[in-house]
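What you see is a predicted model; the values in this text were computed from it and never measured. Side chains included, hydrogens not; waters and symmetry mates left out as well; all remaining heavy atoms used. Proteins come first, then strands; the chains are lettered A, B, ... in the order of their sequence lines, and each starts at number 1.
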Amino acid sequence: DAKTTQPNSMESNEEEPVHLPCNHSTISGTDYIHWYRQLPSQGPEYVIHGLTSNVNNRMASLAIAEDRKSSTLILHRATLRDAAVYYCIRPDKLIFGTGTRLQVFP
Amino acid sequence: DAGVIQSPRHEVTEMGQEVTLRCKPISGHDYLFWYRQTMMRGLELLIYFNNNVPIDDSGMPEDRFSAKMPNASFSTLKIQPSEPRDSAVYFCASSPNPSDASDSEAFFGQGTRLTVV
């Protein structure tokens, strides 16, 4: 089963870029990588997903390594509202790991 | 669409009582997932359905837990009898087709906070 590994926590200052890493070394060639985040007292929400190419949307960017063994979620300018737990997962079973708790300081 | 709707939002019950949590998925979504979240264990997948059929219930912790999906617009998670260690937030999520990346965004409800005393 393809598992993902993320740091437990990260910190950032407001308005600074944040790079959240994820290792998925056992991912298969056809598995997409999805990112979700969970704001305090809410259910998880979808952020972005990708397969091989870098992806951008209004919330974030996703940079996927050439060998696909890792990816990085990029928040270009962190805000206080971005403080959350960020999860990278395989989408087929929606199995979540422990995620990365992002703290944003004013 | 109002999104995934869970009820109740909060439930407090005494040990030994039966508890039923309810979920209404987004219309047209074929997949429905039930999760349990605690500080100690994080977000655990309990069971998921495809077209109302349970596909994988390996995450259901004990026989006290059961889930049903009688139709495409309704699912229940039942705990009988409930125990204090069942206290957690229970989330329901629905997805069009998680294996189809073009259409695989999952939507979560607001959760039900269960407290068993």
For A:Tyr36, ring pair (Phe, Tyr, Trp, His ring centres under 6.0 Å) partners two or more places apart: A:Tyr46, A:Phe96
For B:Asp63, I'd like to know if atom CG has over 12 heavy atoms of other residues, nucleotides or ligands within 6.0 Å. no
Residue-level interface, residues 107-117 of chain B with chain A, non-hydrogen cut-off under 4.5 Å: B:Phe108, B:Gly109, B:Gln110
Specify the closest pair of heavy atoms between B:His29 and B:Ser95, including all atoms of both residues, with the distance to one decimal. ND1-N, 3.4 Å
Going by the disulfide bond (SG atoms under 2.5 Å apart) test, which pairs reach into residues 22-52 of chain A, not counting sequence neighbours? A:Cys22-A:Cys88
Verify the cluster assignment for A:Ile74 and A:Met10: are they in a single hydrophobic cluster under the rule of side-chain heavy atoms below 4.5 Å apart? no
Those residues of residues 64-74 of chain B that come under 4.5 Å of chain A on a heavy-atom basis, listed by number, are none
Quick check: does any side chain N or O of A:Asn54 sit under 3.5 Å from a backbone N or O of A:Ile64, one acting as donor and the other as acceptor? yes
More than 12 non-hydrogen atoms from neighbouring residues, nucleotides or ligands closer than 6.0 Å to CZ on A:Arg68, yes or no? yes
Search all heavy atoms of B:Val4 against all heavy atoms of B:Cys23 and return the closest pair with its distance. CG1-SG, 3.7 Å
Would you check if the side chain of B:Gln6 reaches a backbone N or O of B:Cys92 as a donor-acceptor pair within less than 3.5 Å? yes
Is it the backbone or the side chain of B:Glu44 that comes under 4.5 Å from a heavy atom of chain A, or both, or neither? neither
Options A:Gly99, A:Pro44, A:Gly50, ranked by heavy-atom pairs under 4.5 Å with chain B, top entry: A:Pro44
With a 6.0 Å cut-off (strictly less than), is the heavy-atom count around CD of B:Glu62, excluding the residue itself, greater than 12? yes
